[in-house]
Number of protein chains: 2
Amino acid sequence: MARKPQQERSKATMQAIVEAGFISLQTHGLAQTTTRHIADIAGVGVGSLYEYFPNKEAVFKAMNAHLTTEIVAMVRALMPSLVRLDIRPMVIRLLGHFRELLNRNDGRYLKYAGFSMHAERSRQLEAIQQLLVELIMQYALHNPQLTRLRNLPVMSYIFIHGSVFTIIRHLSEPNPNISFEQLSEGLAEMIASYAEAELAKLDAAPPS
Amino acid sequence: MARKPQQERSKATMQAIVEAGFISLQTHGLAQTTTRHIADIAGVGVGSLYEYFPNKEAVFKAMNAHLTTEIVAMVRALMPSLVRLDIRPMVIRLLGHFRELLNRNDGRYLKYAGFSMHAERSRQLEAIQQLLVELIMQYALHNPQLTRLRNLPVMSYIFIHGSVFTIIRHLSEPNPNISFEQLSEGLAEMIASYAEAELAKLDAAPPS
DNA sequence: CGCCGTTTCCGAATTGAATCCGAACAATAG
DNA sequence: CTATTGTTCGGATTCAATTCGGAAACGGCG
């Protein structure tokens, strides 16, 4: 029943269970990922799993939290350098790191992300969304002309969701007929050309 | 075991089960959508369900096929009128119909789409993707200047996936902080402004 | 209509995974 | 060392998915 670990070993057990979740999902697939399997891989008894997680879903949530944490850390670390780049290289760099992270450990994270996006579980996704909104704000601060864009919230929403889902879907495809490089360049182009076009429009007919 | 219906009444049973699947999902949620529930709602015994579907997943697949069929029919019916519009109104009209379809029956379809996007189940999604590629091709035929765009496949991929996922996610949000109209106009703007910018670029420096 | 082979329907029985629980095993305090 | 609290374990329980054996409805036919 969702106990809080008080000794060191129990923290290790918890961590082992979460990692076992990723491993089981990766090697056996969702259907075969039973509590018994997870516990076996983690090297603990089934009962132990229930000491720290109220149910199987909670294990998935913990996996989600783990992944979210890694993504947030990655973006935060990248942010200072991103804000100094032009839009296209900025987007391409960010997406490249995103891909690298998802592909770690033989795509362990990707496998999870691929079928996780959907579920209710994803209050977590909002954390990432907020972080990316923050990135856009920071970026705008370093590139003040962007602050003239009026519908930044809407377009941010579109760029963020459009990019994230498209990337995850693309990485999950067994044999996509376009390359990751083409895709990320396309996304960068889409975003940059929108911003440029909009700014040009403002210059032509200054806002009232 | 996945019998083929030969009499009329069995066809009705099958249809009732698929519809019950949507209803159960809508009113009781995924977790409560058991075979017994589905059968109860459909007004048949559990055993009957297994006469036509090898397992529960197959019911979901049938739901998916049903929804896909409706979407395809909708787009095909719309296509002749869409190709005559400018990009922005074309996108907005298409998305508007898409929304209307997903919201039918108190969002029965949307609920399903929301958590279905992901799964393996979605060989179906490819049918929609292909249809939209076809729409873009038809559109380009009616607007020949678009055929000059070189990376249409990549950008189509981005526009299609970006739009579909973003729309479904937005419609699924309980209280989004941007309106559907803003969103669809934003998507239209993104697509149109990309096309315009790219064409302008080609005019400035004609392709080698 | 009454009979027969076929199709459809059913729900009790089976199976297996998720979850619960209490005993056994470690750590830590005094 | 003993008491107390934290941790692990795996068998027992519960519940949903699936199977199965036969009942009921159908549709033609004499």
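On a predicted model such as this, the values are computed, not experimentally measured, just so you know. Proteins get letters first, then strands, A, B, ... in listed order; numbering begins at 1 in each.
In this structure, CD of B:E8 is placed 19 Å from P of D:dA25, rounded to the nearest angstrom. The nearest whole Å value for the distance from the NZ atom in A:K11 to the P atom in D:dG6 is 14 Å. Remark: P of D:dT7 and CZ of A:F53 are 13 Å apart, rounded to the nearest angstrom. The distance between atom CG of A:L49 and atom C1' of C:dC21, rounded to the nearest whole Å, is 15 Å. Distance CG (A:D40) to P (C:dA18): 12 Å, rounded to an integer number of Å. Spacing between atom CD of A:E51 and atom C1' of C:dT19 amounts to 12 Å, rounded to whole angstrom units. Between A:Y52 atom OH and D:dG6 atom P the separation is 11 Å, expressed in whole Å.
A donor-acceptor contact shorter than 3.5 Å is absent between the side chain of B:D86 and the backbone of B:R88. Remark: the backbone N or O of B:S10 is not paired with any side-chain donor or acceptor of B:Y52 at under 3.5 angstrom. For the pair A:E70 (side chain) and A:Y109 (backbone), a donor-acceptor distance under 3.5 Å is absent.
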Report all interatomic pairs (protein N or O, nucleotide N or O of nucleotides 14-18 of chain D) with separations under 3.5 Å.
unit_1	atom_1	unit_2	atom_2	d
D:dA17	OP1	B:K56	NZ	2.8
D:dA17	OP2	B:T35	N	2.7
D:dA17	OP2	B:T35	OG1	2.9
D:dT18	OP2	B:Y50	OH	2.7
D:dT18	OP2	B:K56	N	2.8
D:dT18	O5'	B:Y50	OH	3.4

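Salt bridge status for B:K201 with A:E196: absent, with no side-chain N to carboxylate O gap under 4.0 Å.
Ring centroids of A:Y50 and A:F53 are separated by 6.0 Å or more, keeping the two rings apart.
Using a 4.0 Å cut-off, some side-chain N or O of B:S48 falls inside it from OP1 or OP2 of C:dC10. Under 4.0 angstrom from either OP1 or OP2 of C:dT7 there lies no side-chain N or O belonging to B:S10.
Of the two residues near DNA chain C, B:R9 and B:G47, the one whose nearest nucleotide lies more 5' is B:R9.
Taking B:L131 as the reference, B:V72, B:V75, B:R76, B:M79, B:E134 meet the side chain to side chain contact (heavy atoms under 4.5 Å, CB included) condition, with sequence neighbours excluded.
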